[in-house]
Student: 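Got a structure for you, written out below as structure tokens; questions coming shortly.
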Amino acid sequence: MKIIKDIDPKEWAELLDLEREALKLHHMPPALATYQLLVGKDPLSPRLVYRDISHSWVRNAYIQALNCILRMSVPTEYQFYGEGGLYIRTISGTDKLPDISTPYSEYIYVGSAGNTGKGPVAGTGNAAESFGAWQLDSIIPHGTGAGKMSYGLTSYSFSWDPASRRFKAEYVRNLLNSSGNTITVTEVGMHMYAYVGNRIDSYLAIRDLLETAINVANGEQLQITYTIYGPQLPTS
Amino acid sequence: MNTRQLVERMKARGIVIPVAEWVLVTKGRVYRFPAHSWVRNAYNQISMWWADVRVSGTYGEGTTLFKNMSGSTGNERGSGGVAAGAGNTEYGILFGRGSSPFSLDDYVLSQKIENGTGTNQMEYQETTVVPTWDGGTNTWTVEISRAAVNNSGGSITVTEIGLAYYYQPYNRILLVRDVLPSAIDVADAQSLTATYTLTLEFPEG
């Protein structure tokens with residue numbers, strides 16, 4: 001399978017240009033993300049088939065970030081999820097106030113094997129990308145039955161890039177198709193696992209709809225990598 | 001490119017960028033200027049909140065460590081907010097009299113004005129945080145505000161301002177330090193009110 005989609009260098013260059021402009025104007029640059037998908041029978045040498053800039057931080061992610069900065073006492077009129085609301089909607093559809101008052105040492109994107117509530121996830125839905133998305137359109141469940149894939153452990157690496165002056169986090173996860181049939185992947189995303197409503201819960205932070213579906217044959221693995229870049233730091 | 005154009009171009013790409021402004025008022029005079037000066041702590045914490053990235057080592061270039069206002073360092077994300085109570089100068093909006101130029105590595109004000117009625121002290125009121133949603137522009141505006149009253153018996157010259165947050169159990173972390181474009185004299189028996197306005201324009205509602 002050849003690469004069916006790759007990052008548009010012009011689009012990436014424009015984002016980096018906007019980032020530089022933000023720094024020039026002394027604004028906090030955005031966090032950017034990219035993702036790539038590899039497929040193959042040999043888990044050690046899967047082939048790159050799809051790579052793109054992630055376009056879809058969803059509302060949950062921004063509300064969480066706003067709350068991280070301010071940890072506001074939310075007025076009654078904003079105690080809901082949706083347009084004009086300051087609640088987060090978990091992947092199970094429950095609306096909660098973000099609450100990260102307690103320092104939380106667990107990694108929020110690092111799911112253990114079989115845990116689809118944290119880290120990279122894949123789906124078979126076709127709903128358009130939406131700022132208000134709070135779950136994948138149709139997540140592929142963990143397992144070996146029809147329409148299921150076995151989610152592996154999320155591995156991660158963190159680094160500082162002195163050239164671009166920003167931190168980078170890379171999250172990698174393999175999903176093995178042992179269902180007996182080909183599974184057509186059409187969407188991917190990132191589930192975050194953090195304090196909401198005074199307890200830890202899972203919610204969607206990123207959802208990306210693939211421009212072209214990817215077939216994962218029985219016995220093949222899909223490797224999802226999300227790379228999240230922190231804001232570029234100024235030099236002084 | 002100006003800020004408005006930047007926000008619009010970011011929004012067209014589905015990206016939200018925070019824009020902040022300070023407004024200071026004393027004795028009817030209004031001073032308004034862009035809030036420019038996120039310090040390293042803020043960049044590192046925001047990297048952690050979005051990417052959950054942690055790079056250990058020594059505080060400074062290339063690591064995600066924060067330095068709290070006591071000078072201790074740590075490497076975890078968190079926030080207990082900025083809504084400090086009256087008299088609390090450990091976090092919230094803070095006023096200062098220092099003249100050090102801004103540095104990315106600032107973790108305290110150059111010379112913080114302490115709470116009280118003695119010489120060069122001011123009585124800090126509570127820091128309030130008020131969010132407002134504008135459905136017409138899909139914009140969150142959060143106003144963080146604090147007044148400090150000068151009952152010291154003399155004039156106090158304010159030259160710097162900061163915003164810090166608190167989280168348990170031990171950290172008070174400076175996120176923003178701005179050196180004022182021009183010093184503000186707060187006469188005895190007068191108050192100075194500072195409002196830090198953070199706006200986030202969402203690509204859709």
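To find a chain, count down the sequence lines: A is the first, B the second, and so on, and within it residues start at 1.
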Student: Sort out for me which of A:Ser56, A:Ala22, A:Ser157 touches chain B most, counting heavy-atom pairs under 4.5 Å.
Tutor: A:Ala22

Student: Measure distances from A:Ile206 to the heavy atoms of chain B and classify the residue's part below 4.5 Å as side chain, backbone, both or neither.
Tutor: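 When you check distances to chain B, no heavy atom of A:Ile206 falls under 4.5 Å.
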
Student: Which one of B:Asn138, B:Thr132, B:Ile144 has the most heavy-atom pairs closer than 4.5 Å to chain A?
Tutor: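 Maximum pair count with chain A is reached by B:Thr132.
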
Student: Measuring heavy-atom distances to chain A, does B:Val16 have an atom under 4.5 Å in its side chain, in its backbone, in both, or in neither?
Tutor: both

Student: In the structure I gave you, are the side-chain heavy atoms of B:Thr63 and A:Trp160 within less than 4.5 Å of one another anywhere?
Tutor: no

Student: Where does B:Leu198 contact chain A at under 4.5 Å (heavy atoms): side chain, backbone, both or neither?
Tutor: side chain

Student: I need the residue from B:Gly14, B:Pro131, B:Ala83 with the largest number of non-hydrogen atom pairs under 4.5 Å to chain A.
Tutor: B:Pro131

Student: Fit a plane to each ring of A:Tyr62 and B:Phe202, take the angle between them on a 0 to 90° scale, and name the class: parallel (under 30°), tilted (30 to 60°) or perpendicular (over 60°).
Tutor: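 If you compare the ring of A:Tyr62 with that of B:Phe202, the planes turn out tilted.
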
Student: When heavy-atom pairs shorter than 4.5 Å are enumerated against chain B, which of A:Tyr156, A:Tyr226, A:Tyr171 gives the highest number?
Tutor: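 Result: the option with the highest number of such pairs is A:Tyr171.
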
Student: For B:Trp140 and A:Tyr78, I'd like to know if the aromatic rings sit close, meaning centre-to-centre distance below 6.0 Å.
Tutor: yes

Student: Should A:Phe167 and B:Met48 count as side-chain neighbours, where that means a heavy-atom distance under 4.5 Å?
Tutor: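 Of all side-chain heavy-atom pairs linking B:Met48 with A:Phe167, none is under 4.5 Å.
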
Student: For a quick test of reading the model, state the closest non-hydrogen atom pair linking A:Pro30 to B:Met10 and the distance between them.
Tutor: CD-CE, 3.6 Å

Student: After noting the C-alpha distance and the side-chain angles of B:Arg13 and A:Leu15, does the key distance pass the side-chain contact (heavy atoms from CB on, under 4.5 Å) rule?
Tutor: CA-CA 8 Å; B:Arg13 289 254 167 243; A:Leu15 286 173; 3.7 Å; yes

Student: In sequence, state the C-alpha distance, the side-chain angles, and the governing distance for B:Ile46 and A:Met28, and then conclude on side-chain contact (heavy atoms from CB on, under 4.5 Å).
Tutor: CA-CA 9 Å; B:Ile46 286 173; A:Met28 177 73 71; 3.4 Å; yes

Student: Within residues 19-38 of chain B, which residues come under 4.5 Å of chain A, heavy atom to heavy atom?
Tutor: B:Val19, B:Ala35, B:His36, B:Trp38

Student: Is there a side-chain contact between B:Leu6 and A:Leu25, using heavy atoms and a 4.5 Å cut-off?
Tutor: yes

Student: In Å, rounded to the nearest 0.5 Å, how long is the span from CD of A:Gln232 to OH of B:Tyr43?
Tutor: 9.0 Å

Student: How far does NZ of A:Lys24 sit from CG of B:Asn2, to the nearest 0.5 angstrom?
Tutor: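 Here the rounded value is 12.5 Å.
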
Student: Heavy-atom distances under 4.5 Å only: say whether B:Ile15 touches chain A with side chain, backbone, both or neither.
Tutor: both

Student: To the nearest 0.5 Å, tell me how far A:Leu233 CG sits from B:Arg40 CZ.
Tutor: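 It comes to 6.0 Å.
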
Student: Work out which heavy atom in A:Pro231 is nearest to a heavy atom in B:Ser47; give both atom names and the distance.
Tutor: CD-OG, 3.3 Å

Student: As an exercise: rank A:Trp57, A:Tyr109, A:Phe158 by heavy-atom pairs under 4.5 Å with chain B and give me the winner.
Tutor: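 Looking at each of A:Trp57, A:Tyr109, A:Phe158 in turn, A:Phe158 comes out on top.
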
Student: Taking all non-hydrogen atoms of both residues into account, name the closest pair between B:Ala51 and A:Ile228 and its distance.
Tutor: CB-CG2, 3.5 Å

Student: Would A:Glu21 and B:Arg9 count as a salt bridge (Lys or Arg N to Asp or Glu O under 4.0 Å) here? Give the steps.
Tutor: CA-CA 11 Å; A:Glu21 290 294 331; B:Arg9 283 186 61 186; over 6 Å; no

Student: With rounding to the nearest 0.5 Å, note down the distance linking CE in A:Met192 to CH2 in B:Trp49.
Tutor: 12.0 Å

